[in-house]
Amino acid sequence: MPEKQYDHNLIEMKWHRRWENQPLYKPEHDTTKPKYYVLEMLPYPSGTLHVGHLRNYAIGDALARYKWMQGFNVLHPMGWDAFGLPAENAAIKNNRHPREWTLANIAAMKRQHNRMGFSYDWDLEVSTCEPEYYRWNQWFFLKMLERGIAYRKKALVNWCPECATVLANEQVVDGCCWRHETTPVVQRELDQWFFRITQYADELLADIAQLEGGWPERVLTMQKNWIGRSEGTEVDFQLADFETKIRVFTTRVDTIFGATCLILAPGHSLAKELVDADGQKQVRAMLDAQARKDPGDVLKEGFATGHYAVNPYSGGKVPVWVGNFVLMGYGTGAIMAVPAHDQRDFEFCTQYGLPVVPVIRPMDGALADPAAMKEAFGDDGIVENSGEYSGLGSEEARTRMNARAKAEGFGEKAITFRLKDWGVSRQRYWGTPIPVVHCPTCGVVPVPEDQLPVLLPLNVAITGKGKSPLENVPEFLNVKCPVCGEDARRETDTMDTFVDSSWYFYRYCDAHNSSAPFDSKKIAYWFPIDQYIGGVEHAILHLIYSRFWTKMMRDIGVIQNDEPVKRLFTQGMVIKDGAKMSKSKGNVVSADEMIDKFGADTGRVFELFAAPPERDLDWTDTGAEGSYRFLARVYRFVTRNVDRADLSSTLPRTEADKRVLRKLHQTLKKVTEDFESRWHFNTSIAAIMEFVNELYASESELTPAVIAHVLERLTLLLGPFAPYVAEEMWEELGRTGPVFKQKWPAYDDELAREAGAEVVLQVNGKMRSKIVVPFGASKEDLEQRAREDDKIQPFLAGKQVAKVIIVPDKLVNFVVKG
RNA sequence: GGCUGAGUGGCGAAAUUGGCAUACGCAGCAGACUCAAAAUCUGCCGUCCUUCACUGGGCGUGUGGGUUCAACUCCCACCUCAGCCACCA
């Protein structure tokens, strides 16, 4: 009879049909059971999935299946993002409605995820473009409005001329829109909605300590840098000829006696007031250039306003300049330039012939000669030429100067963050409408809760030009004021889609709740998320917004946890032909193509086997073929030995039996440990391959009882990695019930143990021989055996043994001289 | 410029606590099976020297130093690559 061959199409089709349209596993809301919440980041593809998109799901799904088998109550949900901008672009290009486009994409992605056999609980599917999700976005918005966390202000904002919309700072990449890499961003002043994330800056920074260990160090560092806390001093400089003061921020107030000018950002309000018409022109030019934020070294430029300001510490007068390298968005938008102790100031001042005045002496040196200085001295040291502060250390001088500023009312100690408030307004159609009404008499009026959700009108022309398309829909735009009942105008801004992704994982716990965003009791059980898996590209935006949103929800009283995610895992990219997979590079392997050719199981096994999950992975077809061969090898072994398997057989165990059992239990141990600690599934799968190699070598000598024992465990072992073929083999073994509902096989230390300890014999640290001894042999015994070893003796002959290092059960090392 | 990683065969990689460097896979080579091929199975596979062969030995984890009986692993300095941030006062 011909041997059964592995046919992934037959097997996967069969089980896919059985699993389709029914949740494989439903978590119970049973708070007495240990829970595990595993979540992959929302997909953001605008078209079909490729193998690069599937990697974090392969990792997450293996983990979810393992945790089930370990008896955990597992929440493993899946949902879909609204893809704001891609949806509108598609609408413009293909004349399709964004809603239609989005739903079609979701259907396509869902079909592909189903084909991969991922084990989501589809009953908890959440799409962020659904009316119910809008309702709760808006509900949170109103809560934030009440508390002043959501607010509106006129602001200079980044504006992408291509999208005709505002961008968050985080969406500006190298001076260009994150979606249009060649379109420079310009600055515009507009009324915008913001979330006061800066109110949480301190907490966001402090709570990073809670995440240490569970989050990658790299991500935490990126977040710290992004929040960018710095301690310093704000100091007022009185203008000599006006009643106005200029407030500057500095971290080095100890250098203030060396300040030789003040420099205003071109966006500073005084920059416009203090300069003449010609200066106005220069200011505008600088603003445009700053908006472009050209990467690399932009030449420092500036000009004097002709005005002077008084240094409150020294009483000296310094000129006021405008400089293109000073940013409005950081500190106060004005700086004091201390060329002797700040490299940027040094470059600026020497370029324009402004004096350099050293006031800090290095601990072990002399005060620099300004004429000879090639660069600024930026370290702390001893303060000199600074009146009453001369002779103090930098630290001490800062403390005293802060105290004086406060006492005399011209400044104070200040903490500045790089993090800015989150601008959430988008002049775009496809997003959650901001639920407020503008009334000529009552001002900004929130939409009453019982009128939520405010839904998008469906008949709308999307052109991608000018203002929001919503402005052209009278039945949306024109409303009555909820307070006075007069004619009013609905807000047409919609919310950033990062709002959606900031809390979708909470909604999963209670996806069908229609009276609240979720039941707080369910959140208390499931949160924080035990394991979140996604790309490192979300280290800043999504992962800071989510943390902020969690703290905000805690403050409005709907949840109790401070942090959303206990452990974060960032998987590497999938590379092909030396580049990240992308349509433009033409190196995409689509999910459908891969499944047709190799099967979902092979794709999953290869993605887990080819590299450790945190590292980048090279996709090669020949490599995938190797994984296919491995699965085929396993399948063949199982099917051709299944008739031989008999657990009740009492034949005595052969040497091969013992060898195979030992290898099996070593493999079980290895795979279990990989799941429990470092997730190096590449070594887990390598171990299973080694075990299969051992099975092939010993096949003919195995007894029926051992065959039965081995086949069952081999199948279970493969369950998390290759679920389709595992299921098929389980059925071949005459067993019923899905593999992932079986118990994870425990390993037996006794069976896993080697017959004896293999001891390495070294001379001067070089391996010369190996011997096998019973475990726990004494040091004397070991040395004796080592000295008698044939291969060791020549190295000891005629030499003097200075020392013998013995590590029991491991090694003997002779240190010889002569 | 700052921060964070990484650098091991022809290639992807392993070595988890300082103790056998290169597990597992890919590619390659050889053999078995076959009329033949594919598939499959088995063996070889860092480098140099030695040997007909068996074998034995030197070198070898980016570079240079150090600690140690022993270093891919720890310390110091440097080089290269990647990612993120970047006139942040």
Side-chain angles (χ1 to χ4, degrees), chain A residues 3 5 174 216-222 224-226 228-230 232-233 248-252 255 263 265 290 293 295-300 323-327 329-338 341-345 347-348 416-419 536-537 539-540 572-573 575 605-606 609-612 614-627 629-630 632-633 636 670 673-674 677-678 680 682-693 696-697 758-770 791 794 802-807 810-816:
Chain A
E3 199 169 71
Q5 289 299 319
D174 290 341
E217 204 50 46
R218 178 167 51 140
V219 171
L220 296 181
T221 308
M222 281 161 74
K224 279 181 207 159
N225 292 342
W226 191 262
R229 181 183 198 273
S230 56
T233 312
V248 303
F249 173 76
T250 177
T251 53
R252 291 297 304 276
T255 65
I263 309 175
Q290 246 182 17
K293 276 184 202 151
D297 281 348
V298 176
L299 271 184
K300 288 186 178 50
N324 68 341
F325 69 102
V326 180
L327 304 172
Y330 187 77
T332 60
I335 63 160
M336 61 175 202
V338 185
H341 302 293
D342 181 286
Q343 187 56 29
R344 292 154 309 178
D345 298 347
E347 286 166 23
F348 186 82
T416 299
F417 292 94
R418 210 188 77 107
L419 183 73
V536 73
E537 67 271 18
I540 307 288
M573 292 184 303
I575 306 283
V605 166
F606 178 69
F609 172 68
E614 71 276 10
R615 221 187 292 183
D616 285 352
L617 163 90
D618 266 315
W619 180 275
T620 61
D621 273 10
T622 50
E625 277 163 25
S627 296
R629 274 199 288 271
F630 163 65
R633 209 164 136 86
R636 273 198 312 276
K670 166 99 185 97
E673 284 172 356
D674 273 339
S677 58
R678 37 172 227 170
H680 279 196
N682 54 330
T683 60
S684 307
I685 293 170
I688 300 173
M689 286 174 171
E690 277 185 65
F691 172 58
V692 172
N693 290 346
Y696 269 74
E758 195 176 33
V759 173
V760 174
L761 305 184
Q762 298 180 332
V763 179
N764 287 340
K766 278 209 159 65
M767 202 273 283
R768 297 299 178 186
S769 183
K770 275 190 249 185
K791 290 184 181 143
K803 202 174 173 187
V804 185
I805 313 282
I806 298 166
V807 183
K810 269 204 167 154
L811 113 165
V812 178
N813 185 15
F814 294 99
V815 186
V816 302

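Just so it is clear: chains get the letters A, B, ... in the order the sequence lines come, proteins before strands, and each one is counted from 1.
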Task: Length of the CD-P vector between A/Glu347 and B/rG1, whole Å - done: 12 Å
Task: Of the listed nucleotides B/rA89, B/rA70, B/rC41, the one nearest the side chain of A/Ile335 - done: B/rA89
Task: Nearest-angstrom distance from the residue atom CG of A/Asp345 to P of B/rA89 - done: 11 Å
Task: Separation of atom CZ in A/Arg418 from atom C1' in B/rA89, rounded to whole Å - done: 14 Å
Open item on the list: The criterion is side-chain contact (heavy atoms from CB on, under 4.5 Å); which residues satisfy it with A/Glu537, sequence neighbours excluded?
Closed with: none
TODO: Remember a base hit wins even if backbone is also touched, and classify A/Pro216 as base, sugar-phosphate or nothing at under 4.0 Å, heavy atoms.
DONE: nothing
TODO: Report which part of the nucleic acid A/Asp616 touches: base, sugar-phosphate, or nothing (heavy-atom distance under 4.0 Å, all strands).
DONE: sugar-phosphate
Task: side chain to side chain donor-acceptor pair (under 3.5 Å) partners for A/Glu347, two or more places apart - done: A/Lys300, A/Gln343
- [ ] Measure across A/Asn813 and A/Gly765 and return the closest heavy-atom pair with its distance rounded to 0.1 Å.
- [x] OD1-N, 3.0 Å
TODO: For nucleotides B/rC59 and B/rA36, find the distance between their C1' atoms and express it as a whole number of Å.
DONE: 46 Å
TODO: Please measure how far the C1' atom in B/rU68 lies from the corresponding atom in B/rG58, and state the result in whole Å.
DONE: 23 Å
Task: Nearest-nucleotide comparison on RNA chain B, the residue closer to the 5′ end among A/Val536 and A/Ile805 - done: A/Ile805
Task: Whole-Å C1' distance, B/rA6 and B/rG28 - done: 28 Å
TODO: With rounding to the nearest 0.5 Å, note down the distance linking CG in A/Leu419 to CD1 in A/Ile540.
DONE: 10.0 Å
TODO: Taking all non-hydrogen atoms of both residues into account, name the closest pair between A/Tyr330 and A/Ser230 and its distance.
DONE: OH-OG, 2.6 Å
TODO: Report the residues that fulfil ring pair (Phe, Tyr, Trp, His ring centres under 6.0 Å) with A/Phe348, sequence neighbours left out, ordered by chain and then residue number.
DONE: A/Trp321, A/Phe325, A/Tyr352
Task: Whole-Å gap separating P (B/rC84) and CD (A/Glu217) - done: 19 Å
- [ ] In whole angstrom, give me the gap between the P atoms of B/rG10 and B/rG62.
- [x] 14 Å
Open item on the list: Rounded to whole Å, please give me the gap between CE in A/Met573 and P in B/rA6.
Closed with: 16 Å
TODO: Applying side-chain contact (heavy atoms from CB on, under 4.5 Å), name anything that partners A/Ala334, two or more places apart in sequence or on another chain.
DONE: A/Ile246, A/Val248, A/Leu264, A/His268, A/Thr332
TODO: Mind calculating the distance between NZ (A/Lys300) and P (B/rC87) to the nearest angstrom?
DONE: 10 Å
- [ ] Can you sort out the partners of A/Asp616 under side-chain contact (heavy atoms from CB on, under 4.5 Å), two or more places apart, ordered by chain and number?
- [x] A/Met573, A/Ile575
Task: Pair of N/O donor and acceptor under 3.5 Å linking B/rC69 base with A/Lys803 side chain - done: no
Task: Interatomic distance at P, B/rG56 relative to B/rC35, whole Å - done: 42 Å
Show each protein N/O and nucleotides 58-60 of chain B N/O combination with a separation under 3.5 Å, one pair to a line.
unit_1	atom_1	unit_2	atom_2	d
B/rG58	OP1	A/Arg768	NH2	3.3

Task: Residues forming a side-chain contact (heavy atoms from CB on, under 4.5 Å) with A/Lys803, sequence neighbours excluded - done: A/Ile805, A/Val815
Open item on the list: Using only modelled atom types and a 3.5 angstrom limit, is any donor from either the side chain of A/Lys670 or the base of B/rU16 paired with an acceptor on the other?
Closed with: yes
Task: Euclidean distance for P, B/rU4 against B/rC75 (whole angstrom) - done: 14 Å
Task: Any N/O donor-acceptor pair, A/Gln343 side-chain to B/rC87 base, under 3.5 Å - done: no
TODO: Check every strand shown and say whether A/Glu537 touches a base, only sugar-phosphate, or nothing at a heavy-atom separation below 4.0 Å.
DONE: nothing
- [ ] Just do the side chain to side chain contact (heavy atoms under 4.5 Å, CB included) check on A/Leu761 and A/Lys791 with the steps written out, would you?
- [x] CA-CA 9 Å; A/Leu761 305 184; A/Lys791 290 184 181 143; over 6 Å; no
- [ ] Could you classify B/rG64 for me, syn or anti, using a glycosidic angle within 90° of 0 as syn?
- [x] anti
TODO: Select base, sugar-phosphate, or nothing to describe what A/Val804 touches, counting heavy atoms under 4.0 Å on all strands.
DONE: nothing
Open item on the list: Between B/rG65 and B/rU73, how many Å separate the two P atoms, rounded to a whole number?
Closed with: 15 Å
TODO: Determine which bases of RNA chain B form Watson-Crick or G-U wobble pairs with both distances under 3.5 Å, and write the result as a 5' to 3' dot-bracket string with | for other-strand partners.
DONE: (((((((..(((......[....))).(((((.......))))).((((......))))..(((((..]....))))))))))))....
Task: Whole-Å distance separating the CG atom of A/Leu327 from the C1' atom of B/rC87 - done: 7 Å
Task: Closest-nucleotide ordering on RNA chain B, the 5'-leading residue of A/His680 and A/Gly331 - done: A/His680
- [ ] Can you sort out the partners of A/Asp345 under salt bridge (charged side-chain N to carboxylate O under 4.0 Å, His left out), two or more places apart, ordered by chain and number?
- [x] none
- [ ] Using the C1' atom on both, measure B/rC41 against B/rU34 and round to a whole Å.
- [x] 13 Å
Open item on the list: Of the options B/rA21, B/rG12, B/rA89, whose atoms approach the side-chain atoms of A/Tyr330 most closely?
Closed with: B/rA89
- [ ] Can you check each nucleotide of nucleotides 22-30 of chain B against protein heavy atoms at under 4.0 Å and return B for base, S for sugar-phosphate only, - for none, in 5' to 3' order?
- [x] -BBSSS---
Open item on the list: Output the rounded distance in Å from CG (A/Leu419) to C1' (B/rA86).
Closed with: 16 Å
Open item on the list: Measuring from the side chain of A/Phe325 (C-beta onward, heavy atoms only), which nucleotide among B/rA13, B/rA89, B/rC87 has the closest atom?
Closed with: B/rC87
Task: Separation between CZ of A/Arg252 and OG1 of A/Thr233, rounded to the nearest 0.5 Å - done: 11.0 Å
Task: For A/Asn693, side chain to side chain donor-acceptor pair (under 3.5 Å) partners two or more places apart - done: A/Arg633
TODO: Using the side chain to side chain contact (heavy atoms under 4.5 Å, CB included) rule, take A/Arg768 and A/Phe814 through it: C-alpha gap first, then chi angles, then the decisive distance, then the call.
DONE: CA-CA 11 Å; A/Arg768 297 299 178 186; A/Phe814 294 99; over 6 Å; no
Open item on the list: For a quick check of understanding: with a heavy-atom distance under 4.0 Å over all strands, which category does A/Phe348 fall into, base, sugar-phosphate or nothing?
Closed with: nothing
Open item on the list: For a quick check, tell me whether the side chain of A/Gln762 and the base of B/rG19 share a donor-acceptor pair closer than 3.5 Å.
Closed with: yes
Task: Qualifying residues under salt bridge (charged side-chain N to carboxylate O under 4.0 Å, His left out), relative to A/Glu673, sequence neighbours excluded - done: none
Open item on the list: Measuring to OP1 and OP2 of B/rC85, would you say a side-chain N or O of A/Arg218 lies under 4.0 angstrom away?
Closed with: no
